Undergrad: 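Dropping a structure here in structure tokens format, bear with me for questions.
All values reported here derive from a predicted model rather than from experimental measurement.
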Amino acid sequence: MARNPRFHPLLVVPVLAALLALPGRAITGASGYGSDAKTDDTNAAWIAEHYTKYEHRIPMRDGVRLMTRVYVPKDDSKPWPILLTRTPYSLKPYGVDNFQSGSGSFAAFARDTFVMVSQDVRGRFGSEGEFDHMRPHRPVKGAKDIDESTDAWDTIDWLVKNVPNNNGRVGMFGISYPGFYTAAGMIDSHPALKAASPQAPITDWFMGDDLHHNGAFFLSQNFGFMYWFDQKSDDPLRDEGKRFVFGNPDGYDFYRRMGPLANSDAVHLKGRSPSWSEFLKHPTYDAYWQARNIRPHLKNVRCAVMTVGGWYDAEDLFGPLETYRWTERLNPGITNLLVMGPWSHGQWSHGEGAALGDVRHHVKTGAEYREKMELPFFRRHLKDDTNSVIAEATMFETGTDRWRRFDAWPPKSTVERTLHLHRGGGLSFEATAADDGAFDEYVSDPDKPVPFTLEVTTDYPRSYPVHDQRFAAARPDVLVYETGPLESDVTFAGPMEVTLNVSTTGTDSDWVVKLVDVYGPDHPEPQPNPAHLEMGGYQQLVRGDVFRGKFRRSFEKPEPFTPGKAETIRFTMPDVLHTFRTGHRIMVQVQSTWFPLVDRNPQTFVNIPTATAADYRKATQRVHLGAKQGTSIAVRVLPAVTP
């Protein structure tokens, strides 16, 4: 089938790079947050008026010195707490006379008066030492052994002893990679660390964050970013870095023409991204990835924690949910909070947060978060301001567009129910023996993969997690199951457990499962509506994820499929808090490609990073149905709330 027409080309900011450590430069670009040049100048001037900037090279226990930028309030009427962010994305502009602009979270903190500190992590930009991606934590250390927890400890220790007029209390926060450094920094907490907010933190790059989901490699989300991240400069403190030149604005076409994954380096990168080459050398959940799983190390956390994430964060949705869960499990009794909003990656830190793509939230969620959650959290634990009380779980309920507060996550009041896929495209909470032995099938062709978006980009649209899926539902290689129009609201709250009973004529396959909210036929269009959107029947993606089939029994030791033999695959899709409104339909889509977001599975049992063009073959995929060995999704349903 020919590809559907594209619409609304969108320039997007490269993955992670735009979401710099906060404090940091304003986020700008397609997401619509950030500030214009005039406002930036005003903010930089305001910062210079109210703060004195210092740069220090703080010594670590092994003698390595880390470049650290410190903004000290000129108001010396009383001591002020310290807010620290550690980042691999630079502290530009460098130089004590050059002040950064401020907006969003940074501006809010600056105006409330904190000692604002940012640090280049080891081996990046102005800091000495060797950089290591997601440096593994060392549970047992000698006197000179280091990891990110020790670098945070040594930094905090130096700051409270050397920065003038500080009150001896420190908070840490950061988004994405800096979120990882925040989580690592709260392990074996320094006594002065009183509050930490890991935001969109990376936790495990093989299981669910950034690089892989359930073993499937995320291609377009990382290719250009890793090239940029690895580029060396003669003047790294001033140069902006080199971006990969695609020579083709159409990512679907670029990556399809690239051919096998091995060509990503052999033809395009040519060794210029050591990180990319290193990642492709580890196609299973081996010791390399296991060492970079921070979750079991989140111990001895003695500060208050508020983990933050976005329901529509295409990069690090897995991370905040897992950070909250493991911190709760390993540190009973501490203040451990979770905030989840209707945001893309880092969107909460700048701008109003009133919409994402075509979807309107009808609430200025970003501003509300910064004013009523983020700032009060740090004021409470660093300034003894007890005026605000934040719930254990403050969660934005999509669909109804409202904040809800719970004393636990998932909520204790949920009821477990199971959605069953039925013959003829039906979907319901009832299994039926009439479907036993039935199946649906489609042909998956790696040369004609299902696109994950219709927008023309070599990266990924930040709004794709809410995109209209009608283009996918129309394809013959996508199976579609849906309920009838709902007679009342239905709210899912928590993770979803997928059980696939499938077979393939190949020896490996990917399985993509998408949960979709189908709007009613009379759903109103946004006003104004310059894009001429037709929202009636809109198929909004609520959650989607992928599982690489060869890992169905073990992520360490993959196994081939026996052609034609039915197998069971079980995996967890990340949490939602979403209400399917009365008159809407619940839909599930199943497919085997999601391109170029996810690299193509050859559908033969091979080492994909070294596969050849001949290894990529069509396969007939079957999804088996029925009460005994059918395909289903177990969900948690919240009881209806009566107005």
Side-chain angles (χ1 to χ4, degrees), residues 21 54-70 82 84-91 94 117-163 166 168-174 177-194 196 198 201-205 229-230 232 236-237 274-275 278 282 286-303 323 326-327 330-331:
Y54 299 90
E55 291 182 342
H56 302 286
R57 296 186 183 273
I58 298 179
M60 301 293 103
R61 63 191 61 187
D62 62 348
V64 168
R65 298 178 303 164
L66 304 187
M67 172 63 80
T68 308
R69 177 186 68 196
V70 181
I82 296 169
L84 168 66
T85 294
R86 306 186 64 241
T87 176
Y89 297 129
S90 91
L91 309 181
Y94 292 88
V117 182
S118 295
Q119 182 179 76
D120 285 332
V121 297
R122 180 179 294 255
R124 294 292 289 177
F125 295 95
S127 288
E128 300 171 350
E130 295 295 324
F131 178 77
D132 190 357
H133 272 297
M134 289 193 70
R135 188 184 306 277
H137 180 76
R138 292 182 173 185
V140 180
K141 305 178 182 72
K144 300 290 185 180
D145 291 337
I146 62 93
D147 55 24
E148 300 305 340
S149 72
T150 66
D151 280 356
W153 173 287
D154 293 347
T155 298
I156 292 170
D157 200 62
W158 190 95
L159 290 171
V160 296
K161 292 176 180 177
N162 291 277
V163 172
N166 80 82
R169 298 184 185 184
V170 179
M172 289 187 71
F173 79 118
Y177 223 146
F180 160 76
Y181 291 112
T182 300
M186 67 191 195
I187 299 170
D188 301 323
S189 307
H190 189 286
L193 182 64
K194 303 300 182 182
I202 307 165
T203 57
D204 191 321
W205 261 351
F229 191 92
D230 282 347
K232 304 300 181 183
L237 303 191
S275 298
E278 181 179 25
H282 300 279
D286 59 13
Y288 177 86
W289 297 116
Q290 291 177 33
R292 286 162 174 78
N293 171 17
I294 195 175
R295 290 174 288 175
H297 303 296
L298 293 171
K299 300 176 181 177
N300 301 319
V301 178
R302 304 180 185 95
C303 61
T323 297
W326 282 79
T327 301
L330 299 178
N331 304 275

Undergrad: Is Arg61 salt-bridged to Asp157, going by a charged N under 4.0 Å from an acidic O?
TA: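 No, Arg61 and Asp157 are not salt-bridged.
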
Undergrad: Checking the side chain of Lys194 only, and the main-chain atoms of Pro191 only, is there a donor and an acceptor separated by less than 3.5 Å?
TA: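 A pair under 3.5 Å: yes.
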
Undergrad: Measure the acute angle between the ring planes of Phe229 and Tyr177, then classify it against the limits of 30° and 60° as parallel, tilted or perpendicular.
TA: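 Parallel.
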
Undergrad: For the residue pair Pro198 and Met186, establish whether any side-chain heavy-atom pair is separated by less than 4.5 Å.
TA: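 Yes, close enough: below the 4.5 Å cut-off.
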
Undergrad: How close do Ala192 and Val160 get, heavy atom to heavy atom, and via which atoms?
TA: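 Result for this residue pair: CB-CG1, 3.9 Å.
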
Undergrad: Would you tell me whether Tyr94 and Asp120 have side-chain atoms, one donor and one acceptor, within less than 3.5 Å of each other?
TA: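 Per modelled atom types, Tyr94 and Asp120 side chains form a pair under 3.5 Å.
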
Undergrad: Hey, could you give me the CG/CD1 distance between Asp62 and Ile146, rounded to the nearest 0.5 Å?
TA: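 Answer for the CG-CD1 pair, Asp62 versus Ile146, is 5.5 Å.
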
Undergrad: Within this structure, what is the OG-CE distance for the pair Ser127 and Met67, rounded to the nearest 0.5 Å?
TA: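 Taking OG in Ser127 and CE in Met67, the distance rounds to 7.0 Å.
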
Undergrad: Nearest 0.5 Å please: distance from the OG atom of Ser275 over to the CZ atom of Phe131.
TA: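 With rounding to 0.5 Å, OG (Ser275) is 7.0 Å from CZ (Phe131).
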
Undergrad: Work out which heavy atom in Pro296 is nearest to a heavy atom in Lys299; give both atom names and the distance.
TA: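 The pair with the smallest heavy-atom distance is O-CE, 3.1 Å.
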
Undergrad: For a 4.5 angstrom cut-off between non-hydrogen side-chain atoms, does Pro178 reach Pro201?
TA: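 Of all side-chain heavy-atom pairs linking Pro201 with Pro178, none is under 4.5 Å.
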
Undergrad: Check for a donor-acceptor pair, side chain of Arg57 on one end and backbone N or O of Gly126 on the other, with a separation under 3.5 Å.
TA: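 Confirmed, Arg57 side chain pairs with Gly126 backbone.
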
Undergrad: Which atom names give the shortest non-hydrogen contact between Ala152 and Gly185, and what distance separates them?
TA: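 Closest heavy-atom pair between Ala152 and Gly185: CB-CA, 3.6 Å.
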
Undergrad: Measure the CZ-CD distance between Arg122 and Glu128 for me, rounded to the nearest 0.5 Å.
TA: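 Rounded to the nearest 0.5 Å, the CZ-CD separation comes out at 9.5 Å.
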
Undergrad: Please check: side-chain N/O of His56 versus main-chain N/O of Ile58, any donor-acceptor pairing under 3.5 Å?
TA: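 No; judged by distance alone, with no hydrogens or angles, the pair does not exist.
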
Undergrad: Any side-chain to backbone donor/acceptor pair from Glu148 onto Tyr181? Under 3.5 Å, distance only.
TA: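 The answer is no, because no donor-acceptor pair under 3.5 Å joins these two groups.
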
Undergrad: Are any of the side-chain heavy atoms of Ile294 and Ile187 separated by less than 4.5 Å?
TA: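 Counting from C-beta outward, Ile294 and Ile187 do come under 4.5 Å.
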
Undergrad: Using side-chain heavy atoms (C-beta onward) and a distance below 4.5 Å, is Leu159 in contact with Val170?
TA: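 No, side chains not in contact.
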
Undergrad: Any side-chain to backbone donor/acceptor pair from Arg69 onto Leu91? Under 3.5 Å, distance only.
TA: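 Between the backbone of Leu91 and the side chain of Arg69 there is a qualifying donor-acceptor contact (under 3.5 Å).
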
Undergrad: If you compare all heavy atoms of Ser189 against all heavy atoms of Cys303, which two are closest, and at what distance to 0.1 Å?
TA: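 Looks like OG-N, 4.0 Å.
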
Undergrad: Run the side-chain contact (heavy atoms from CB on, under 4.5 Å) check on Val121 and Thr87 step by step: do they pass?
TA: CA-CA 6 Å; Val121 297; Thr87 176; 5.7 Å; no

Undergrad: For Leu84 and Ile156, work out which heavy atoms get closest and say how close.
TA: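 It is CD2-CG1, 4.0 Å.
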
Undergrad: Before giving the answer on side-chain contact (heavy atoms from CB on, under 4.5 Å), spell out for Thr155 and Met172 the whole-Å C-alpha distance, their side-chain angles and the decisive distance to 0.1 Å.
TA: CA-CA 11 Å; Thr155 298; Met172 289 187 71; over 6 Å; no

Undergrad: Does the pair Arg292 and Asp132 meet the rule for a side-chain contact (heavy atoms from CB on, under 4.5 Å), with working shown?
TA: CA-CA 10 Å; Arg292 286 162 174 78; Asp132 190 357; 2.9 Å; yes

Undergrad: Hey, does the side chain of Arg295 reach the backbone of Thr203 with a donor-acceptor pair shorter than 3.5 angstrom?
TA: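 Not a single qualifying donor-acceptor pair exists.
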
Undergrad: Any donor and acceptor pair, going by atom type alone, linking the side chain of Asp147 with main-chain N or O of Thr150 inside 3.5 Å?
TA: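 It does hold such a pair.
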
Undergrad: Check whether any side-chain N or O of Asn293 sits under 3.5 Å from a backbone N or O of Asp204 as a donor-acceptor pair, and report yes or no.
TA: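 Side chain of Asn293 to backbone of Asp204: no pair is present.
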
Undergrad: With rounding to the nearest 0.5 Å, note down the distance linking CD in Gln119 to CZ in Phe125.
TA: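 Answer rounded to 0.5 Å: 14.0 Å.
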
Undergrad: Could you measure the distance from the CD atom of Gln290 to the NE2 atom of His282? Nearest 0.5 Å is fine.
TA: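 That separation rounds to 12.0 Å.
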
Undergrad: Could you tell me if Glu278 and Tyr288 have a donor-acceptor pair between their side chains, going purely by distance under 3.5 Å?
TA: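 Yes, a side-chain donor-acceptor pair sits under 3.5 Å.
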
Undergrad: Ser149 side chain to Ala184 main-chain N or O, any donor-acceptor pair under 3.5 Å?
TA: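 Pair absent, no side-chain N/O of Ser149 close to backbone of Ala184.
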
Undergrad: If you take all heavy atoms of Phe173 and Thr85, which pair is closest and at what distance?
TA: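 Closest approach of Phe173 to Thr85, heavy atoms only: O-OG1, 2.7 Å.
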
Undergrad: Checking the side chain of Thr68 only, and the main-chain atoms of Leu66 only, is there a donor and an acceptor separated by less than 3.5 Å?
TA: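 Judged by distance alone, yes, a pair lies under 3.5 Å.
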
